[in-house]
Amino acid sequence: MNIYIKSLCAFVICFIIVLVIMFSSHQALVNKIIDESGKILTQGVLTTLQNELVKLPRTEWTAALNSYQSNNNPIFNIIAIKDLPLNPQQVDVLNKGEILFQGERELQFLNYVLGERLALIQIGKTPYALTFKFGYIFENLIETTTDKIRSLITQELIATPKALWPPLLEKLEKSYGFPIRVFSIHDDSLPQDVVDKLTAEKLAYSTSVMGSKITTLYFTFDKDEQVLAIGPLDYSPLKSRVSDVIYYFIFIIFIFTLGVISVLTALFVRNVNRLYQLTSHYSQGDFTYHCKVSPLSILNGLYHNVMAMGKHLKQLIEFHRRMTRFVAHETRTPLSTLQMAVDVLKKEPVLNDNMQKQLNSIQEDIDELNSLVVSFLLYSKMQSNELTINKSQHDLIPWLRELIDRYKLSPFKISLNTNKINDLNISFDEQLFKHVINNILTNALKFATEQIVVTVEHINNGIIIHIDDDGPGLPKDTDNDIFAEYTTSNPQQSFDKHIGLGLAIAKTLVELHDGTIHATKSPLLPGARFSIFLPNN
């Protein structure tokens with residue numbers, strides 16, 4: 001499930017990034033087209049007016065521009081460059097005598113998209129700029145669109161006594177289908193920015209909270225003493241402008257695409273998860289696990305390769321298992337023959353001391369080879385995941401005492417310290433754990449000088465068995481590396497040449513009991529300490 005969520009999030013993030021890049025590129029392209037179009041519309045006009053203003057004194061500039069203004073709506077203006085919200089790069093454009101374009105906000109009025117652009121050029125070397133507002137002029141379009149409606153409404157209002165305006169307004173609202181109100185120009189309920197605008201002009205408007213739609217129109221009438229308010233206008237989705245419809249369409253496409261991506265991602269991740277489960281089982285040696293990946297999936301080829309690899313690995317492991325058992329069996333056969341010959345010779349009464357020593361040496365080699373065969377088979381089972389653990393309850397103290405008593409004939413002193421614990425019941429596999437203790441004790445016997453101490457500690461969550469010896473101790477920086485398979489360090493050190501599979505097998509067997517094993521310098525004797533922890537299950 002986590003793989004699915006991560007993959008889906010990655011796809012969604014990539015998709016959003018692509019959309020952002022597309023919209024950014026689209027907007028940049030639109031702005032470039034508008035600027036190029038603006039040059040065609042404004043270059044000749046601004047250049048002509050600039051040349052005319054340069055020849056006139058500053059006091060005559062405003063009068064010179066009035067003859068070029070449109071319908072009392074100033075499309076030209078003169079502003080000090082320092083008062084303009086420009087960045088250093090834009091100021092540099094003006095200083096070069098080039099035309100600078102700025103985008104005004106875009107508004108919606110009914111089904112019209114209103115967008116104004118501002119073109120600026122520096123007037124000669126003066127600190128002033130000539131501005132030219134081009135594109136859709138909001139006021140001009142609103143006045144043209146609402147001219148007939150305003151005339152009819154204001155004529156009825158002027159022809160009716162003011163006392164009868166409330167019922168008349170109700171009737172007009174029903175007739176026209178939108179809210180109609182009348183305010184005095186001095187009414188405190190009118191927004192201050194509207195009052196300020198109406199003081200200079202006969203038209204003002206307010207926008208929606210998002211500032212993208214013109215919602216209410218304000219007109220002065222009756223000698224500019226009364227204000228006719230039309231709106232708020234209703235912008236239902238069906239009355240929205242075309243660009244809004246495009247946005248809705250893009251949103252739907254986005255949701256649809258996101259849905260398709262989610263479905264494809266789910267299918268892809270499901271197949272990835274199946275391959276993950278398959279490889280997880282293979283990594284644990286379980287080659288009986290099977291799953292299916294759709295032939296239409298792009299992962300189908302990978303699936304077949306993994307299946308083929310699993311089949312090949314299974315064959316190799318099976319071959320390894322058979323070869324191991326064959327070698328172990330073929331090794332035990334001559335060992336059994338040797339053991340029988342040694343047993344027969346030991347019964348001969350004419351053996352001298354030298355011959356007896358030779359027989360004892362042969363017996364030791366036979367025992368060591370038998371132990372090696374057992375370890376070899378045990379290691380093979382571990383590698384092929386055939387080794388199973390069968391736990392049962394045992395009293396650890398007498399079990400350990402009996403195990404240690406078998407080493408009485410050893411020339412070393414092996415003692416058991418139980419810390420005054422008389423009985424300690426714990427669950428473990430008797431045969432496998434016996435192999436662990438014997439392996440560690442045998443390893444200690446190889447390096448001990450005189451003494452080995454086995455200590456049992458009982459802690460809250462389990463037990464710890466320490467096996468200390470008075471040998472040369474562990475090689476430097478190899479405390480826990482000695483549990484690695486076939487580990488060898490400096491061959492000149494007698495300790496290292498005895499390290500092979502034994503400690504690696506012991507570590508694996510302890511971990512099968514959910515325990516741990518580690519080696520350190522002994523705090524009790526001069527040599528090494530092996531500590532085995534088993535939990536209380």
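Values reported hereafter were calculated over all heavy atoms of this structure, with side chains retained and with hydrogens, waters and symmetry mates removed.
Atoms CD1 and NZ, from I505 and K507 in turn, are 13.0 Å apart once rounded to the nearest 0.5 Å. Considering CG of L525 and CD of E450, their distance stands at 10.5 Å, rounded to 0.5 Å. Interatomic distance, I467 CD1 to F530 CZ, rounded to the nearest 0.5 Å: 8.5 Å. Between atom CD1 of residue I214 and atom OG1 of residue T207 there is a gap of 8.0 Å, rounded to the nearest 0.5 Å. Distance check: F412 CZ to D470 CG gives 8.0 Å after rounding to the nearest 0.5 Å. In this structure, F101 CZ and L118 CG are separated by 10.0 Å, a value rounded to the nearest 0.5 Å.
The shortest heavy-atom contact between I452 and L445 is CD1-CD2, 3.6 Å. Considering every non-hydrogen atom in both I397 and I421, the closest pair reads CG1-O, 3.8 Å. Among all heavy-atom pairs drawn from N271 and S294, the shortest one is OD1-N, 4.3 Å. Residues Q90 and P85 approach most closely at OE1-O, 4.0 Å, considering heavy atoms. For A448 against D469, the heavy-atom pair with the smallest separation is CB-CB, 4.2 Å. For the pair K292 and R274, the tightest heavy-atom approach, listed with the atom from each and the gap, is O-NH1, 2.7 Å.
Around the CD atom of E98, the shell of radius 6.0 Å holds more than 12 heavy atoms that belong to other residues, nucleotides or ligands. Counted within 6.0 Å of NZ on K413, heavy atoms from surrounding residues, nucleotides or ligands total 12 or fewer; the atom is thus considered open.
Looking at L503 and N439, their side chains come closer than 4.5 Å, going by heavy atoms from C-beta outward. Within the 4.5 Å cutoff, side-chain heavy atoms of K434 are placed close to those of W399. Between I517 and I532 the shortest side-chain heavy-atom distance falls below 4.5 Å. Using a 4.5 Å heavy-atom cutoff, the side chains of Y303 and C291 are in contact. Between M309 and N305, the closest side-chain pair of non-hydrogen atoms is not below 4.5 Å. When side chains are defined from C-beta on, L278 counts as touching M307, because their heavy atoms get closer than 4.5 Å. The closest side-chain heavy-atom distance from V510 to F428 is not below 4.5 Å. Looking at H435 and N438, their side chains never come closer than 4.5 Å, going by heavy atoms from C-beta outward.
Pairs engaging residues 453-468 under the salt bridge (charged side-chain N to carboxylate O under 4.0 Å, His left out) rule: D468-R529 [sequence neighbours left out].
Judged by distance alone, the side chain of T418 and the main-chain N or O of V456 form no donor-acceptor pair under 3.5 Å. Side-chain atoms of D395 never come within 3.5 Å of backbone atoms of N425 as a donor-acceptor pair (strictly under, hydrogens ignored). Counting only distance, with no hydrogens or angles, the side chain of D429 and the backbone of N390 share a donor-acceptor pair below 3.5 Å. When atom types are taken as modelled, the side chain of T455 and the backbone of N417 share no donor-acceptor pair closer than 3.5 angstrom.
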Side chain to side chain contact (heavy atoms under 4.5 Å, CB included) assessment of N461 paired with N536: CA-CA 6 Å; N461 57 341; N536 275 330; 5.9 Å; no
Do I426 and F433 pass the side chain to side chain contact (heavy atoms under 4.5 Å, CB included) test, and can you show the C-alpha distance, the side-chain angles, and the key distance before you say yes or no? CA-CA 12 Å; I426 194 164; F433 198 60; over 6 Å; no
Candidate pair F447 and N443, rule side chain to side chain contact (heavy atoms under 4.5 Å, CB included), full reasoning: CA-CA 7 Å; F447 304 106; N443 189 76; 3.7 Å; yes
L432 and H513: CA distance, side-chain angles, deciding distance, side chain to side chain contact (heavy atoms under 4.5 Å, CB included) verdict: CA-CA 10 Å; L432 296 182; H513 285 80; 4.3 Å; yes
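A salt bridge does not link D405 to R401: none of the charged side-chain nitrogens sits closer than 4.0 Å to a carboxylate oxygen.
For the side chain to side chain contact (heavy atoms under 4.5 Å, CB included) with I465, the lone residue among V436, V454, I440 that qualifies is V454.
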